[in-house]
2 protein chains.
Amino acid sequence: MSAVAAKESYLHPLDPATAEEIEKATALVKQLFFGIPLHFKAAGLDEPPKRDLSAYLDAEHEGRPLPPLPRRVFVMWYIHRTPRLFEGVVDVTNNKVEQYQELPRDFHGPVDRAEMNEAAEVVMKDPNVRKEIQRLKIDDTTIVLDPWDFGVDGTETQERHTQVFMYIRNPENNDPDSCHYSFPLDFMVIVDLVAMKVKKILRLPLGADQKTTEVFSDVPHRRTNLFEPEYTHRLQKNPPRTTMKPYQVIQPEGASFTVKGHLVEWEKFRFRVGFNWREGMTIHDVSFMGRKAFYRLSLSEMFVPYGDPRNPIYRKGAFDLGNVGAGVTANNLALGCDCLGVIKYLGGHVVGNDGAAVEKPNAICIHEVDQGIQWKHTNHRTKNATVVRKRQLVLQQIITVANYEYIFAWIFDQSGEITFETRATGILSTQPIDADAKVPWGTRVGDGVMAPYHQHIFNVRIDPAVGGPNNSFVYSDSVRMDWDEELNPLGTGYVNKETTVHRASSVQDSVADGRVFKIVNPNIENPVSKTPIGYKVVPIRSQMLLAQPGSWHWRRSEFGEAPMWVTKYQDRQLFPAGDYTNQSLGGTGIKSWTTHNPDPVVNEDIVVWHTFGFNHIPRVEDFPIMPAEIAQMHLKPYNFCNYNPTNDVPPSNQEFNKSVLYEDQQAAASADLCCRNKL
Amino acid sequence: MSAVAAKESYLHPLDPATAEEIEKATALVKQLFFGIPLHFKAAGLDEPPKRDLSAYLDAEHEGRPLPPLPRRVFVMWYIHRTPRLFEGVVDVTNNKVEQYQELPRDFHGPVDRAEMNEAAEVVMKDPNVRKEIQRLKIDDTTIVLDPWDFGVDGTETQERHTQVFMYIRNPENNDPDSCHYSFPLDFMVIVDLVAMKVKKILRLPLGADQKTTEVFSDVPHRRTNLFEPEYTHRLQKNPPRTTMKPYQVIQPEGASFTVKGHLVEWEKFRFRVGFNWREGMTIHDVSFMGRKAFYRLSLSEMFVPYGDPRNPIYRKGAFDLGNVGAGVTANNLALGCDCLGVIKYLGGHVVGNDGAAVEKPNAICIHEVDQGIQWKHTNHRTKNATVVRKRQLVLQQIITVANYEYIFAWIFDQSGEITFETRATGILSTQPIDADAKVPWGTRVGDGVMAPYHQHIFNVRIDPAVGGPNNSFVYSDSVRMDWDEELNPLGTGYVNKETTVHRASSVQDSVADGRVFKIVNPNIENPVSKTPIGYKVVPIRSQMLLAQPGSWHWRRSEFGEAPMWVTKYQDRQLFPAGDYTNQSLGGTGIKSWTTHNPDPVVNEDIVVWHTFGFNHIPRVEDFPIMPAEIAQMHLKPYNFCNYNPTNDVPPSNQEFNKSVLYEDQQAAASADLCCRNKL
C-alpha cells in the first residue's frame, strides 16, 4: 500500500475519491464488520470541513506552505438483505474508520442497478406475475421491466420497496433497443427489496378513473404506433435525413483552457472540478479576475412528482440525486458525440455493492463554445465597428435515470457570468390508455399510450464567497416614484427598493416588481459604483410544487415550495430534501433548517439555494424521444469588477474566424460537381 | 424603364422594395408635388392585403398559376422645412400614386441622420451654446454631439424637435473613436427641426435633485476614468489578451440551407425573408413539415423609457423602430465578424432625403449553429446510446441606434421551434454626476459618470397560420386537484385548466400558475393526442412599463402594459404603439384597438403580440461597453406534428464531427514546439 499512499499524498483535498481510496475505505469497513455480508450503497470523497479547507485554499492561493489535511471517504452500506443501514467516514490517509452509525429504520439508502436487476428476476419468476403474462398472451422474451424507486404512500414506510412498470419490446422487431415505452402493459409489480420477493401486483387504470382491466386486455397486442417511428436509427424503416451537412469546430491552436489534475484555468476564471456519486460534477473555489467569487456550486437535488392522481401512479415521485445519484448514472461521454472541438474528459469512481470501485470514465467533458456576439458598437460618425465574440467554457455531464436523460452544464463566460444549464431529454415514462380515452392529467403520445403530466423540480446550491466568506443576500425591486411636481413631474421616475434578508428563510420571486436577487459583500465597496461588490442570481422563473400541501410529495420535497432560500453555512448541509431521500418521510430538509429560530444571515457565511422546475405537459412531439427542454440559471458579476471584463478580448475578424461566403461555397461545390462529372 | 419593368415582373410579392422601385415611387411623388421641395422620410414595400397575398401563396404552394399582384411602395415625406407630413402608396407596377394623404399636425415622421447632422451644426454655431463652451474652457474640436429623438413633455407637442446631449472625446487622445460617453458635458440643447434653430439650452442636474451647475464646471476636465479602459483596442494602452485561441466553424460540404431570392429552405422549414426601413428583417409564410405555421413574424416596436425623473432626462424615451427604424439603422455585417461558418447575406434598400434609394448591404446574415444536444438516450440494458445534436438556422440583424446596439435573430430549430432572440449591447447613454454624489435612479459607471436606469420594452408581432388562417388563442394553467378519497387520495394530482380568449384584449401572465400560452387551430385535430394542433408561445417573463399610469410614456407605449395581446387581423395593423410614434400623443396603438367593442377572436384570423423587456439597472461591468444582455422568446410546436420531428436526424458521431482530444492536441502542440525548438 505504500505506493498508493505515496500517490495519494499528492491529491488535492478537493480531488474526487480515487479507486484506491474507495477500496481502502470499504476494506476498513469490512474489517469492522468481519464475517457479516455487506451491501455497499455509496462511497465518495468526504470534503474537509470549511474551516480547514478554507485555510488550505488561502495558503494555496497565497503560495504559503500547505497545511496537512487527511483524505476522507464517506461510505454507506447495508448489512446484506436486511434493513440495517449504516453510514461512516473513513480516514484513508491514516487508515481508520473515523466514525460510523446505524441509521433509523425509516432511513433508506439509494437504489442500485444490481438490486433492481435482482428484483426484475424475482418479478419474472413470480407465479402470479406469470398468470398476468399468460392472461395477456405474450411471450416472456419480449417483456421489459422498468423498476422505479418507490414513492411513499403513508403505509409500510419502514420497508424498502421498488415498483416495477412493465412493457414489451416493439412486436414488429422484438429488438432490445426498440422503444418499449410505446408498448406498456396493464399491470405493475411492487417488490419488497429486503425480503426480495413480490409483494403486490396491481392493474393499471386505463381511463379517466380508477377502473382497470378485469380480464384479457389487448393492450400489448396493438399494432406498432401508426405515427411515431422508432428513434433508434438502426430500427427505423425510413433512413435518416441526408439534408444536414457536417459542421465541425476546428481549434487549430488548441483549446484556450488548461486542466491540471482537477484545476481548470480559462480566461480570467480559475476553479476546481469535483465529482461524487450523488451530485456528479461539483465546482469549487471559483475566482474571477483574481477575486474570490464562489466556494462551491452544485446541483443539490431534483424531484420528479407525477400528476396522475391514481393508484399506483401516485407513487411516482423520484429524487433522482438522493435516490439514485448523478455520479452513479453519469454517461460515458464519447468523442464527437456529446460536444465539438477540443475536449478534455474527466472521470471518477463510485462503489459497487461488493465494495470494489467502479470507474465512471469520461463522466465530465470540458470544451469551449462560441455563443455568438459578446458586444458590438458601430460609431456612426467614423463608421468604425468593433465586434467581440462570446466565448464560453462548458463543463457538461449527462445522466440516464431509467427512461430520462438530463444534461447538466456549468458554463463560464468571458464576462464573468456563470450559467447552470439543464436539458431534459430521453423518453417519457408512459402508461397504457384505452383506445378512445382521454385523461385530464396526461397526453396521448402514441396509439393507446399516455404520458402523465409531471414536474421536474431542481435545486441548485450556491455557496458564495463574493470577495470573501461573509456575504449577504438582498433582493431589489424596481418601483415607480410617486408623481412629484419638483422631482417627478412627468411620472417617468423609478428607483430600486432593496431588501436584505435577515434570517435563514425562503424568499419569493416577483416578475411584476422586476425583482433582482444579489449576493453582496457588504465589506467591500466597488470604487466606481461606490456600492458593495456582488453577484446577481438570475433565476429560472417557474411554477413551484403542485402536489397538495400536507401530501407526501410536499412533505418530502421541502425545497419545492419557494424559488429562493438562504441559509447560514453548515458543514455537510448539502441536500435540501435531506440526506436520505429514498422513501423519506420529510422533516430533514431546508424548510426544517429554516423554521425554528432561523440563523442570522447578514454578513455571514451564507448559502443560497435556487429551486426551479419544468412542468412537463407532454406534447406529441416529445415522443418517442424528447427534444431537450432547456433552462438556464445565471450568476452575473454585479459591480464585482471595475469595468467590462471583456474589454480586452480581441475583436472578431476573418483571419481568426475563417468564415465562408455562401456564394463561394456554392461555387466551390458546383466546381467540384463539375470535375466529378468530367471523370 | 422597360428593362426595369421586365426585371420587376419576376419579383415575389414579399420581396423587399428594390432600389428601382423606391426611386420610381419617389419620382412619381415628386411629379405630383412638382416644384415643391420634398424631404423623404421613409419608403419600402407596401405588402399586399392578406386576402390577395394568401390567394397568391396558396397558388404558389399548390403549383397553380399565380394571380397577378401589383407591386406597391409605401412612401412618407415632408414638404421640406415645414411641418407638413404626407404618406402615400405608389403602384410601381402600374406607375401611379394610388393614394396619399396629409397627416394631422401632431403626427411626426421619424428622425433621420442627415437632419440630425444639420441640427448638430446649428447647435455648434449657436451663440449661447458658444458661451456654454467658453464657460467650460473646452476646445470645439473635442466636442461630440448626440442628437436624440424628443420625448413628449405635454408642451409644444405640434412642433418637431430634437434633444442634443453633449460630450467630449477622451482628452488624453482626442480620438474620434474614443468613448465620449465617459466625458459628458453639463448642458444639453433642444433644437426646433422645422425652424432648424436652437430653442433652449438646459443645464443638467448633477446630484440627487434638480440642482444644476451655475458657473464654471470642472466636469469635462476630470482625468480619464481611473478604472475603465477604452473599449476600442486601437486606443487601449494595454494590448488585448492573447489567451483566447481561434475557434473556427468548418462546413466542408457547405451549408444545409438554400436561399433562392428571399425564399429560405432548411431542414423541414420553408419561409421567406422580408426587409423594410422600419422593422428591418421580417419573416413570412412559414411552414414546417409541409404544414402552414405562421403568416408573418416581426419585431413590431420597442420603447426605451429612462427612469431618471429630472428635467431634461425625463424626455428620454425612444421608440427605436417607429422613431428611427431597424432597417435604416441596420449594420453592414462583415464576414468573420458577426457570425461563423458558411454565411449568406441579404441586403435591402431604404430611402434618402432626396428620394434616392440607399443601399443597406449585408443587413441580414443567415448561418447555421450547433446548439449542443437535441436529444439523447442510453438504453441501460444494452448500453447503446444515441445522441442527436441540435442544429439551428440563425437569421441575424444588428442595428445601431446612436449609443446602443441591438442584435435581433430569428432562430429556427430542427425540432420545429422558432426563437426570437434579442441581445442588447453597445454603450450606455450617460450623464455627468458630482464627484461624490449617488442617485437612486442610476449607477455610477465611471469617474463622475452616471448611467440612468431604463427599460427596453419590445413587442413581437406573431401573425399565426397554424394549419390555416383561423386560429384561437388559449392559455392553460396547471392547477392542483382537490383531495379526493377516490380520485386523488395522495394529493398528487394536477390538471390543466384551459381558457380561450374570446375578445381582442391583453392577457396577463402567471408564473405561479405555470401558465402556457398556445395558438391552436380548433378545426384540425392531432390524430395522436386527439386535441387541436397548435404552437406554444413561450414568453420572456419580465416587468412591464414602470412609468406612471397617465404619464406620456404610458399613453404613448400602449403595448407596454401587458405581456400578451390578441387582436383580430387587420391589414396594415402592424405597430402596437401606432404608425407614427415620434413625439406621438398616444391613442393610436394596441390598447386603443382592443378597448371599444373588441373583435371576436375565437377561430378567427388572429394576431398575437408579445411584450417583454429588459429593466436595465446598469452595472459597472456594462461600461464602457456592455456585454450583451440576452433574452429569447420561443414558438414551439404543440401537438402540431405526429411525433418528434427530429427523430430522423442522423446520430452524432466522430466521423461527422471531427472532435479532438485535449491530450492529443496538447501532444501535437508540444511535438510542434519540439520541432520548432530543433530548428
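Chain letters run A, B, ... following the sequence lines, proteins first, then strands; residues in each count from 1.
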**Q** Is there a donor-acceptor contact under 3.5 Å from the side chain of B/Asn379 to the main chain of A/Pro176?
**A**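 Checked: pair present.
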**Q** Got a second to check how far A/Gln251's CD is from B/Lys245's NZ, nearest 0.5 Å?
**A** 10.5 Å
**Q** Indicate whether any N or O donor in one side chain lies under 3.5 Å from an N or O acceptor in the other, for A/Tyr494 and B/Asn615.
**A**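 B/Asn615 and A/Tyr494 do have a side-chain donor-acceptor pair below 3.5 Å.
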**Q** Identify which part of A/Glu417 has an atom lying under 4.5 Å from any heavy atom of chain B, answering side chain, backbone, both or neither.
**A**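 Answer is neither: A/Glu417 stays 4.5 Å or more from chain B.
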**Q** Do B/Thr425 and A/His377 have side chains that get closer than 4.5 Å, going by heavy atoms?
**A** no
**Q** Could you check A/Ile617 against B/Tyr638 for side chain to side chain contact (heavy atoms under 4.5 Å, CB included), going step by step and ending with a plain yes or no?
**A** CA-CA 10 Å; A/Ile617 309 297; B/Tyr638 193 91; 3.3 Å; yes
**Q** Pick one of side chain, backbone, both or neither for B/Arg241, based on which atoms fall under 4.5 Å of a heavy atom in chain A.
**A** both
**Q** Let me see the working for A/Gln665 and B/Glu253 under side chain to side chain contact (heavy atoms under 4.5 Å, CB included), right down to the final yes or no.
**A** CA-CA 8 Å; A/Gln665 168 252 307; B/Glu253 298 176 24; over 6 Å; no
**Q** Answer yes or no: is there a donor N or O on one side and an acceptor on the other, between the side chain of B/Asn496 and the main chain of A/Trp441, under 3.5 Å?
**A**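 Looks like no, no N/O pair under 3.5 Å.
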**Q** Strictly distance-based, threshold 3.5 Å: is any side-chain N or O of B/Ser551 a donor or acceptor partner for the main-chain N or O of A/Thr492?
**A**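 No; zero donor-acceptor contacts below 3.5 Å.
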**Q** Is B/Phe640 close to chain A through its backbone or its side chain, or both, or neither, when contacts mean heavy atoms under 4.5 Å?
**A** both
**Q** Within this structure, what is the NE2-OG1 distance for the pair B/His380 and A/Thr400, rounded to the nearest 0.5 Å?
**A** 9.0 Å
**Q** Heavy-atom distance under 4.5 Å to chain A: side chain of B/Asn331, backbone, both or neither?
**A** side chain
**Q** Measure distances from B/Val479 to the heavy atoms of chain A and classify the residue's part below 4.5 Å as side chain, backbone, both or neither.
**A** backbone
**Q** Under 4.5 Å from any heavy atom of chain A, what part of B/Ser529 do you find: side chain, backbone, both or neither?
**A** both
**Q** As an exercise: rank B/Glu655, B/Gln654, B/Glu486, B/Gln414 by heavy-atom pairs under 4.5 Å with chain A and give me the winner.
**A**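 Winner by heavy-atom pair count: B/Gln654.
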**Q** Nearest 0.5 Å, what's the CG-OG1 distance between B/Asp177 and A/Thr382?
**A** 3.5 Å
**Q** Would a 4.5 Å heavy-atom cut-off, applied to side chains only, mark A/Val369 and B/Tyr247 as touching?
**A**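 Contact flag for A/Val369/B/Tyr247 side chains = yes.
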**Q** At their closest point, which heavy atom of B/Ile625 faces which heavy atom of A/Asn644, and how far apart are they?
**A** O-ND2, 2.8 Å
**Q** Are the side chain of A/Gln548 and the backbone N or O of B/Met481 linked by a donor-acceptor pair below 3.5 Å?
**A** yes
**Q** May I ask you to decide if B/Asn647's main-chain N or O and A/Gln236's side chain share a donor-acceptor pair within less than 3.5 Å?
**A**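 Pair found, side chain donor or acceptor close to backbone of B/Asn647.
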**Q** Using a 3.5 Å distance criterion without hydrogens, assess whether the side chain of B/Gln374 forms a donor-acceptor pair with backbone atoms of A/Pro627.
**A**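 Side chain of B/Gln374 to backbone of A/Pro627: no pair is present.
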**Q** Could I get the full list of side-chain contact (heavy atoms from CB on, under 4.5 Å) partners for B/Gln666, not counting sequence neighbours?
**A**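 Partners of B/Gln666 under the side-chain contact (heavy atoms from CB on, under 4.5 Å) test: B/Tyr662.
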**Q** Report which part of B/Ile407 has an atom under 4.5 Å of a heavy atom belonging to chain A: side chain, backbone, both, or neither.
**A** side chain
**Q** State the CG-OG1 distance between A/Asn526 and B/Thr443, to the nearest 0.5 angstrom.
**A**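 OG1 of B/Thr443 is found 10.5 Å from CG of A/Asn526.
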**Q** Supply the atom-to-atom distance B/Arg480 CZ to A/Leu546 CG, rounded to the nearest 0.5 angstrom.
**A**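 Those atoms lie 6.0 Å apart.
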**Q** In terms of heavy-atom proximity below 4.5 Å to chain B, should A/Ile366 be classed as side chain, backbone, both, or neither?
**A** neither
**Q** Examine distances only and state if a side-chain atom of B/Glu621 and a backbone atom of A/Ser415 form a donor-acceptor pair shorter than 3.5 Å.
**A** no
**Q** Which heavy atom of A/Ser478 sits nearest a heavy atom of B/Gln543, and at what distance?
**A** O-NE2, 3.0 Å
**Q** Mind ranking B/Thr242, B/Val495, B/Val387, B/Asn311 by heavy-atom pairs under 4.5 Å with chain A and telling me who comes out on top?
**A**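 Winner by heavy-atom pair count: B/Val495.
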**Q** Please name the pair of heavy atoms, one in A/Pro650 and one in B/Met244, separated by the smallest distance, quoted to 0.1 Å.
**A** CD-CE, 4.2 Å
**Q** Look only at the side chain of B/Ser652 and the backbone of A/Gly336, and say whether a donor-acceptor pair between them is shorter than 3.5 Å.
**A** yes
**Q** Between B/Lys530 and A/Lys438, which heavy-atom pair has the shortest distance, and what is it?
**A** O-NZ, 2.5 Å
**Q** Which pair of non-hydrogen atoms, one from A/Arg389 and one from B/Asp338, has the smallest distance, and what is that distance?
**A**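 Shortest heavy-atom separation between A/Arg389 and B/Asp338 comes out as NH1-C, 3.4 Å.
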**Q** Testing B/Leu335, B/Val342, B/Val249 for side chain to side chain contact (heavy atoms under 4.5 Å, CB included) with A/Ser659, which one passes?
**A** B/Leu335
**Q** Taking A/Glu405 for the side chain and B/Trp375 for the main chain, is one N or O donor matched with an acceptor at less than 3.5 Å?
**A**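 No.
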**Q** What's the spacing between A/Asp370 CG and B/Gln248 CD if we round to 0.5 Å?
**A**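 A/Asp370 CG to B/Gln248 CD: 11.5 Å, rounded to 0.5 Å.
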**Q** What part of B/Trp483 gets closer than 4.5 Å to chain A, counting heavy atoms only: side chain, backbone, both or neither?
**A** both
**Q** Can you tell which of B/Gly372, B/Pro549, B/Ala512, B/Gly307 has the highest number of heavy-atom pairs within less than 4.5 Å of chain A?
**A**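 The answer is B/Gly307.
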**Q** For the pair A/Val660 and B/Ile343, evaluate side chain to side chain contact (heavy atoms under 4.5 Å, CB included) and give the outcome as yes or no after the intermediate values.
**A** CA-CA 6 Å; A/Val660 174; B/Ile343 304 156; over 6 Å; no
**Q** Let's test your reading of the structure: which of B/Arg381, B/Arg541, B/His553 forms the most heavy-atom pairs below 4.5 Å with chain A?
**A** B/Arg381
**Q** Are more than 12 heavy atoms, taken from residues, nucleotides or ligands other than B/Tyr345, located less than 6.0 Å from that residue's OH atom?
**A** yes
**Q** Look only at the side chain of A/Arg619 and the backbone of B/Pro637, and say whether a donor-acceptor pair between them is shorter than 3.5 Å.
**A**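 Yes; at least one donor-acceptor contact below 3.5 Å.
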**Q** Quick check: closest heavy atoms across A/Val649 and B/His233, and the distance to 0.1 Å?
**A**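 Closest heavy-atom pair between A/Val649 and B/His233: O-NE2, 2.8 Å.
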